Structures are given as structure tokens and as C-alpha cells.
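Inspection log for the structure reproduced underneath, given as C-alpha cells.
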There are 2 protein chains.
Amino acid sequence: MTTASSPLYVQLAATLRAKITSGEFPPGTKLPSERALCEEHSASRNTVRLGLQRLVAEGLIVASQGRGYTVRRQDVLVYNASRSEDHDRRVSAGVDAWVQDIEEQGRTPSQKISVSIERAQPDIAERLGLGPNSNVLVRRRLRFVDDQAWSTEDSYYPYDLVRGTPIAEPADIPQGVIAYLASMGHAQTRYLDDVTAVMPNPAQTSELNVEPGVPLLVRTRTGYADERPVRVTVTAMPTDRNVLRYDLGGPQHG
Amino acid sequence: MTTASSPLYVQLAATLRAKITSGEFPPGTKLPSERALCEEHSASRNTVRLGLQRLVAEGLIVASQGRGYTVRRQDVLVYNASRSEDHDRRVSAGVDAWVQDIEEQGRTPSQKISVSIERAQPDIAERLGLGPNSNVLVRRRLRFVDDQAWSTEDSYYPYDLVRGTPIAEPADIPQGVIAYLASMGHAQTRYLDDVTAVMPNPAQTSELNVEPGVPLLVRTRTGYADERPVRVTVTAMPTDRNVLRYDLGGPQHG
DNA sequence: GAGTGGTCTAGACCACGTC
DNA sequence: ACGTGGTCTAGACCACTCA
């Protein structure tokens, strides 16, 4: 047996994983307590915890102090990244593209917006083509779906570009920031998306209410108006509730 | 102090993290041994291990039995997803797009290809618009950069489409599979990419040589020829060495 | 062989949720 | 009040690496 030679905590994780993926433990099921699993598998609590930790890291179960472990409910929404900047759609709908995306999936989106002026972080400054001590206007969004925290989206604009405009106000802009910038002569004609994933740091863990161990999908979008970068947007999405979608119409790129 | 109230292992992780990110411990540095950190922080070994585990999960350090913990060397390559299917580039270069992408970054790519015929998994069958018991041709690629495992790419084709063609052979196809399919009248005109991230399972951990705790970026690309899905490709990339890039020429999508 | 991380035990007390 | 997970201790032996 190959399993007989693997560590106890790995076997324990495999046993529970099988019950979850087979459907014997459907989403919402409460797992036996750590101390019960100790007896059941003749293992110490530390060993049991090591095994459970594995399943938490895989996103299969969630732990809650005082309440126990439960099998996670899967509830994934699609964020359509390639069409999210479509001018026509946005202008006709009067809302931003994310809001529309979520509503089309029958859910209720909402967001909290805060605006500040900050010294640009080095990577942001580089993407915007700014000097090391430049200021940027930052619009931070915390996005909710059905009143549950869902993702964060932080946009950075060169401060010189937006000084004194409505973009610098902490309110939603009806037609969308993109369209407003376009009306000022900064129509974005090209977007560059870099996608990666990170493990959440403590701040993100609490802000987005993710279990430690669930990766965050991070998309960094740079928007260009006539080859000049005018915006960097960093979107962080817990992967247990998001899929990022790109619809590429064909081989028109080069 | 807020830090004074946080758990010991969190403080320990924060201390080491600061030394790493500040540059005091540059990449390649060997960390003090677990037992040395025990003394230094007056903590038990389990507690020290909890803290170190955190940094491993964040991808900052790697552990090696018998050798100790070392600060990870960051070495991230860009995979340009939006141009990777560009017919013109591929045909002119005579190699597949990933190979070209890596070579342009001054590295040496290589890959191992294996081909098999399998019963389609449910999610693959659904994306390909096939019935539940359909067969698919599977081309599995394990990709290397400078002889280090880098990513996996598994392509699924409806078996009826490729039976008896060179695609079903376990060799590289000089002009690329896409171009070959096009010459057979199945030119792919549209691609749909779903991007998410998962924690690696044990098989992926060993195949791609990733530390447990480093997330995998997973892109599922469905290729359409005249509205008919003809290919599904699943690419798994450890995020500690990959960034996925989309260059969107503008708001031409709808 | 000496030192490293990997696994494991058998306890302890604390913080949180539920009843 | 009780049971849950969260943190922590002080040991033990094994597996691996390197000199």
C-alpha cells in the first residue's frame, strides 16, 4: 500500500477529502470535532490539526472557533474581464461593468468607495510611467455581492491628470470613470492585464473575509490612452468565489 | 502594541518576513535552524514551525529536509496569453507560441509531450459540447524552462475531430496544432479563457516541484471554430514563477 | 556522525459560540 | 456551562543532507 507509508496526517486528510468529494459530506456538513477525530484515528490533536489544515488550505472546509469545521459551499461568480471596459455597454446601462456583470447573474452588487491622494508605490509608478516621488489619486473599492465582501479594486491615476475633476470625489460617477476620462480627451484604447495569484496577507484576510489558505487572484490592469498609461487598477478576488473570464474574439493581436 | 497581542508564531513570521522583504536576508540566504529560532524567541519548536510554515505558504522561503530553510529566489516569467494563438507569429517562427515567449525572455524552453485517448471528464465534456461518454484526445505537456519544470498544459480535442491525424501522435507538430487544425478546416476564431487559482494537489506538487502553499494559476482556454468548440486547454502555472498577461487592443468586444 | 527538517505525542490554557 | 477551535509546551524518533 502506498497510503500505508504516507504520514498519518496525510492519510487523515485523504480520508476526509474522499468523503467530501464523493458527496458523503455535502456542503454545509459539520465535520467531527478535532478531539473526536483524535479518538477515531488514534492520533494526537496536533496530528489531526495538521490534516485538517490541509483541507482548509485546499479550500474544501472552513474552520470557525467555537463552532467547528464545516464543508465549504461553492459559490463562484464569473467576472468577464475582456468586456468590462466596453464603452457602449457601460454608457447605455449607466452603471459600471462589474455591477452589470453581477446583476446579470441574478445577484445584488454594491460597493464602498474611498478616495485619497498618495505617493505612488514603486511598481504602480513604473506602470504609470511616473517618477519615483509622484502623487497618484487612489480610488479604493470594496465590492460586495449580496452584502458579502467579494473583491477589492484599487485604481491609481496620475494626480496631474485628474486634479479637480469629479474622479477625485469619493462618490460613484454615473457614467463610469472610463467614460468620464474619455470625455476629457483621455480615451483608453488599450489595456494590459497581468494576472497572478498570491496568498492573502492578514489585512486582506479580514477585509475580504477569506480563510487563510485560499489564494487571491490578482489582476493588474494598465489602461493606455494613445500609448500613455493613464490608469492602473489592481483587483483582488478570492478564488473560492470568483472566476476571471477573457473572451478573445480571435487572433487580432500581434 | 498591536503586535504584542498577536500570537507568538505570527510575530515570529512577521520578524522574519521583515528581514526578508527589507533585504537583510536576500534570496538564497539560509535561515537559522528551527532549534536556533526556538532559543532566540523562547518558543517551542512547534510554535517556530507554525511561523515558518506561514512564510512557506506565502512563497517567501523554501524548506528542505536536512538542509534547512532558504529565502526563495524570485524568478518570474511572463506568459502572454492574448497573443499566444496568433497564427502569423507561429507560422513564421515554426514553433509554438509558448516556446517563442520564453525564448524572447532569454531562457531555454523544452517540453515533454504525451498523447492518450480518454473518456472526457464532465467539465471538459461540457466545455466541448460533448455527451457524457465521449472520447477525447489528450495531449499533455510538461514544460521546462532551463531544465526546470515550469508548467503543465493539457489539451483536449473531440476524438472524432482528430482521429488518424498527426495530432494524435506523441510528437511535436512543427507548425503547431492550431495551424494544423486550421488547415483541416477548423480554424479557431474565438477563445474563451477562464482564469482561477487553486492550491496544488499532491500530484501537482511533485510534478511541478512547487512547495505546498504556493498557489497554481489555472487557465482553461476553450477554442471555437465557427461557434463549435474544438479544443480545451488547461494550463497550470505555479505563481511563484509565472505571470499571465493579456494585451487587449481596445474595447472591440461585446 | 552531526545537524537539519518531518512527523508525532500528551498534555495545557485561552477565546469564542451556543445553549 | 460546555464544547469548539486557537495557541503553546517539551519532549521523542525518523529521514535526509553534508562533510
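Residue numbers start from 1 in every chain, and the chains themselves are labelled A, B, ... in the order their sequence lines are given, proteins ahead of strands. Owing to the predicted nature of the structure, the values given are computational and were not obtained by experimental measurement.
No side-chain heavy atom of B:Trp98 sits under 4.5 Å from any side-chain heavy atom of B:Arg141.
Partners of B:Arg49 by salt bridge (Lys or Arg N to Asp or Glu O under 4.0 Å), not counting sequence neighbours, listed by chain and number: B:Glu34. With sequence neighbours left out, B:Tyr157 forms a ring pair (Phe, Tyr, Trp, His ring centres under 6.0 Å) with no residue at all. Shown here are the ring pair (Phe, Tyr, Trp, His ring centres under 6.0 Å) partners of A:Tyr156, two or more places apart in sequence or in another chain: there are none.
For DNA chain C, the neighbouring residues in residues 33-47 of chain B, judged by any heavy atom under 4.0 Å, are B:Ser33, B:Glu34, B:Arg35, B:Arg45, B:Asn46.
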Enumerate all atom pairs, one protein N or O and one N or O from nucleotides 15-17 of chain C, separated by less than 3.5 Å.
from: C:dA15; atom 1: N3; to: A:Gln65; atom 2: OE1; distance (Å): 3.0
from: C:dC16; atom 1: O4'; to: A:Gln65; atom 2: OE1; distance (Å): 2.9

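Within 6.0 Å of CD on A:Glu39 lie no more than 12 heavy atoms contributed by other residues, nucleotides or ligands. Atom CD of B:Glu126 has 12 or fewer neighbouring heavy atoms from other residues, nucleotides or ligands inside a 6.0 Å radius.
Among the atoms of the strands shown, only primed sugar atoms or phosphate atoms (P, OP1, OP2) are found under 4.0 Å from some heavy atom of A:Leu8. Nucleic acid contact class of B:Leu50 (heavy atoms, under 4.0 Å, all strands): none.
For the pair B:Glu207 and B:Arg140, the salt-bridge criterion is not met [side-chain N within less than 4.0 Å of a carboxylate O]. A salt bridge between B:Arg221 and B:Asp194 is absent, with no side-chain N of the basic residue lying under 4.0 Å from a carboxylate O of the acidic one.
For B:Tyr69 and C:dG3, the OH to P distance is 18 Å, given to the nearest whole Å.
Side-chain contact check for A:Arg231 and A:Thr233: at least one donor-acceptor pair (N or O, by modelled atom type) lies under 3.5 Å. If you check the side chains of B:Glu24 and B:Ser22, you find no donor sitting under 3.5 Å from an acceptor.
With a cutoff of under 4.0 Å to any heavy atom of chain A, the contacted region of DNA chain D is bounded 5' to 3' by D:dG3 to D:dT9.
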